[in-house]
Amino acid sequence: MSVSTYSHLMNILNSEEKPHVWGIFGGGFGLYGYLPAIATQKNSKVLILEKQLSFVESRSELKQYISIVKAVSSRDEIFLQADSLIFAVPPLIQEELFWQVGLQRRYKYLMLEKPLAVSPVAAMDLLKSAIEIASSVRIGYSFLHSSWGVMIRQSNAFLDEVDYRLSWKFLAHHFQSPTNSWKGDHECGGGALRFYGIHMIAYFASINPTSVEYSRL
């Protein structure tokens with residue numbers, strides 16, 4: 001789990017004064033990343049799907065948190081019982097899940113995965129709706145909080161009237177082998193631009209008002 005994601009979640013949980021129920025969608029990072037972070041707080045409970053309970057019980061590092069976990073049989077139960085929601089799923093699934101939320105209730109926090117959807121247009125629609133149903137919406141753009149990102153931002157380097165060139169070498173397994181993964185598929189919200197490059201757009205926007213003129217693959 002990234003330091004930035006953990007610290008952001010801790011800031012949220014430390015501000016709570018009464019028991020808070022989190023609903024987690026995602027059987028990977030959603031459990032081994034977010035569950036331990038939530039478990040450090042005594043006033044929080046976690047809802048997951050029944051099919052994910054065996055994963056928690058099988059992992060030695062997660063079994064210790066079983067007391068705060070409640071397994072339910074359907075997504076609707078999570079939507080209706082949770083005070084806040086965490087999405088840790090691929091963009092296509094995130095889209096499908098999010099539109100199931102509808103306006104059943106208003107949530108305190110929504111923690112969304114990036115990219116929000118498989119395309120920028122769909123992502124904008126999802127973000128607008130998320131803002132309507134939650135008091136706070138957060139997305140894991142971790143470059144904003146990286147040590148080098150903070151250093152460059154504080155140096156005011158981007159305020160100079162000069163051009164910058166960024167060279168980023170992709171070494172992930174799904175780029176180096178014929179692995180079938182959405183993270184390497186542009187049409188599924190993955191690829192160098194939508195899955196990785198979105199970090200840079202968020203980072204530039206954190207420095208000063210930014211308008212992306214074009215992107216090219």
Side-chain angles (χ1 to χ4, degrees), residues 1-117 123 125-142 144-145 189 202:
M1 183 177 191
S2 69
V3 173
S4 59
T5 300
Y6 183 87
S7 62
H8 276 196
L9 187 54
M10 289 304 94
N11 289 336
I12 291 175
L13 294 174
N14 286 330
S15 68
E16 294 295 314
E17 297 179 353
K18 61 182 181 179
H20 195 84
V21 180
W22 291 83
I24 295 180
F25 293 106
F29 184 76
L31 296 179
Y32 65 74
Y34 284 109
L35 178 56
I38 294 174
T40 63
Q41 304 301 304
K42 296 180 181 180
N43 57 351
S44 295
K45 296 293 183 181
V46 178
L47 298 176
I48 64 174
L49 292 175
E50 289 177 347
K51 64 180 182 180
Q52 296 166 341
L53 186 60
S54 60
F55 178 81
V56 176
E57 295 175 331
S58 68
R59 297 285 289 260
S60 58
E61 75 275 24
L62 298 181
K63 283 195 298 184
Q64 59 185 308
Y65 309 127
I66 200 69
S67 62
I68 70 167
V69 173
K70 177 183 178 182
V72 296
S73 59
S74 70
R75 292 170 175 173
D76 285 341
E77 290 181 78
I78 295 180
F79 289 141
L80 292 173
Q81 296 179 33
D83 299 311
S84 298
L85 297 176
I86 293 173
F87 292 82
V89 294
L92 182 59
I93 297 177
Q94 180 162 261
E95 284 186 68
E96 295 173 350
L97 281 174
F98 186 82
W99 296 121
Q100 291 177 28
V101 175
L103 297 176
Q104 298 185 56
R105 60 175 300 177
R106 184 171 180 83
Y107 298 94
K108 190 161 189 180
Y109 303 109
L110 283 182
M111 300 193 71
L112 302 172
E113 189 59 83
K114 59 84 195 165
L116 293 179
D125 290 340
L126 193 152
L127 179 59
K128 291 177 182 177
S129 296
I131 292 172
E132 292 177 359
I133 68 170
S135 299
S136 175
V137 178
R138 295 180 182 232
I139 307 168
Y141 295 127
S142 54
L144 300 178
H145 312 285

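Nothing fancy with the numbering, it's 1 onward along the sequence.
- Side-chain contact between Ile66 and Leu53: present, with at least one pair of heavy atoms (C-beta onward) separated by less than 4.5 Å.
- Looking at heavy atoms from C-beta onward, Ile48 lies out of side-chain contact with Leu35 at the 4.5 angstrom threshold.
- With hydrogens and angles ignored, the 3.5 Å screen pairs a side-chain donor or acceptor of Tyr107 with a backbone N or O of Phe79.
- A side-chain hydrogen bond (donor to acceptor under 3.5 Å, both in side chains) check over residues 80-98, counting only residues at least two apart or in different chains, returns the pairs His20-Ser84, Lys70-Gln81.
- To the nearest 0.5 Å, atom CG of residue Leu31 and atom CD1 of residue Ile24 are 6.0 Å apart.
- Checked against side chain to side chain contact (heavy atoms under 4.5 Å, CB included), Leu127 has the following partners two or more places apart in sequence or in another chain: Leu116, Ile131, Val137, Ile139.
- The shortest side-chain heavy-atom distance between Leu62 and Val69 does not fall under the 4.5 Å cut-off.
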Using side chain to side chain contact (heavy atoms under 4.5 Å, CB included), reason through Trp22 and Ile86 one step at a time and then give a plain yes or no. CA-CA 7 Å; Trp22 291 83; Ile86 293 173; 3.5 Å; yes

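- With sequence neighbours excluded, the residues forming a salt bridge (Lys or Arg N to Asp or Glu O under 4.0 Å) with Arg59 are Glu61, listed by chain and number.
- Within the structure, salt bridge (Lys or Arg N to Asp or Glu O under 4.0 Å) pairs that include any residue of residues 19-34 do not occur (at least two apart or interchain).
- The shortest distance between side-chain heavy atoms of Leu110 and Phe98 falls below 4.5 Å.
- The distance from atom NZ of Lys45 to atom CD1 of Ile38, rounded to the nearest 0.5 Å, is 12.0 Å.
- A distance of 8.0 Å separates OH in Tyr109 from OG in Ser135, rounded to the nearest 0.5 Å.
- In this structure the side chain of Leu85 never reaches within 4.5 angstrom of the side chain of Leu97, judged on heavy atoms.
- Not counting sequence neighbours, the partners of Phe87 by the ring pair (Phe, Tyr, Trp, His ring centres under 6.0 Å) test are Phe25.
- Annotation: side-chain hydrogen bond (donor to acceptor under 3.5 Å, both in side chains) contacts of Ser73 (sequence neighbours excluded): Glu77.
- In terms of heavy atoms, Ala130 sits closest to Leu112 at CB-CD1, 4.2 Å.
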